[in-house]
Amino acid sequence: MKKFIGAAILALMPIEASAIVRYMVQDMTCADVQNSVSRDGVAILYRQAGRNGVPIYDRYVANGSFCQAGQDTIKESVPTADTQTCRVSKCMDGSRFGGNNR
């Protein structure tokens with residue numbers, strides 16, 4: 001019984017979240033980007049935009065299990081070194097754009 005109580009207490013303790021990996025996609029191939037997101041589960045993909053050099057970034061996921069409750073995954077294109085239309089998934093509120101857009 002003491003082991004069960006000890007395990008229950010440990011299960012309720014907060015676990016520190018791991019850091020999200022960031023990738024500069026303009027120097028990567030599409031296959032590298034897709035493999036990285038798949039391997040890491042969640043990644044921030046960013047690139048320098050236009051003449052002002054302001055970075056554009058967003059959070060991308062391997063699948064819907066990395067989204068919050070009430071969110072679905074949608075496919076979005078990001079420009080990479082070898083294509084302007086590398087398709088990766090990101091989380092979006094399910095109520096936007098008519099619900100599930102997988």
- Message: Could you measure the distance from the CG atom of N35 to the CE atom of M28? Nearest 0.5 Å is fine.
- Response: 8.5 Å
- Task: For the residue pair V61 and C67, establish whether any side-chain heavy-atom pair is separated by less than 4.5 Å.
- Result: yes
- Message: Working to the nearest 0.5 angstrom, can you tell me the gap between T73 OG1 and Y60 OH?
- Response: 13.0 Å
- Query: Under 3.5 Å, is there a donor-acceptor pair linking the side chains of D32 and T29?
  - Reply: yes
- Message: Rounded to the nearest 0.5 Å, what separates atom OG1 in T85 from atom CD in E76?
- Response: 12.5 Å
- Before giving the answer on side-chain contact (heavy atoms from CB on, under 4.5 Å), spell out for V88 and V78 the whole-Å C-alpha distance, their side-chain angles and the decisive distance to 0.1 Å. CA-CA 7 Å; V88 287; V78 296; 4.1 Å; yes
- Query: Of V33, I56, V21, which is the lone residue that meets side-chain contact (heavy atoms from CB on, under 4.5 Å) with L45?
  - Reply: V33
- Item | Closest approach of Q84 to S77 (non-hydrogen atoms, all atoms of both residues) | O-CB, 4.3 Å
- Apply side-chain contact (heavy atoms from CB on, under 4.5 Å) to D72 and M92, showing your working. CA-CA 5 Å; D72 292 317; M92 180 75 61; 5.9 Å; no
- Look at the side chain of D82 and the backbone N and O of C30, then say whether any donor-acceptor pair between them is shorter than 3.5 Å. yes
- Between CD on residue Q34 and SG on residue C86, distance to nearest 0.5 Å: 4.0 Å
- Query: With no hydrogens and no angle check, do the side chains of Y23 and D40 hold a donor and an acceptor under 3.5 Å apart?
  - Reply: yes
- Task: Grab the two heavy atoms, one from S38 and one from A62, that are nearest each other, plus how far apart they are.
- Result: CA-CB, 3.9 Å
- To the nearest 0.5 Å, how far apart are OH in Y57 and CZ in R22? 9.0 Å
- Residue pair V42, R59: steps toward the side-chain contact (heavy atoms from CB on, under 4.5 Å) verdict: CA-CA 7 Å; V42 178; R59 178 181 181 269; 3.5 Å; yes
- Rounded distance (nearest 0.5 Å) linking atom CZ of R87 with atom NZ of K75: 7.5 Å
- Task: Would you check, one step at a time, whether the test side-chain contact (heavy atoms from CB on, under 4.5 Å) holds for R47 with V25?
- Result: CA-CA 6 Å; R47 66 186 185 281; V25 296; 4.1 Å; yes
- Message: Would you say that Q26 contacts T80 through its side chain, given a criterion of any heavy-atom pair below 4.5 Å between the two side chains?
- Response: no
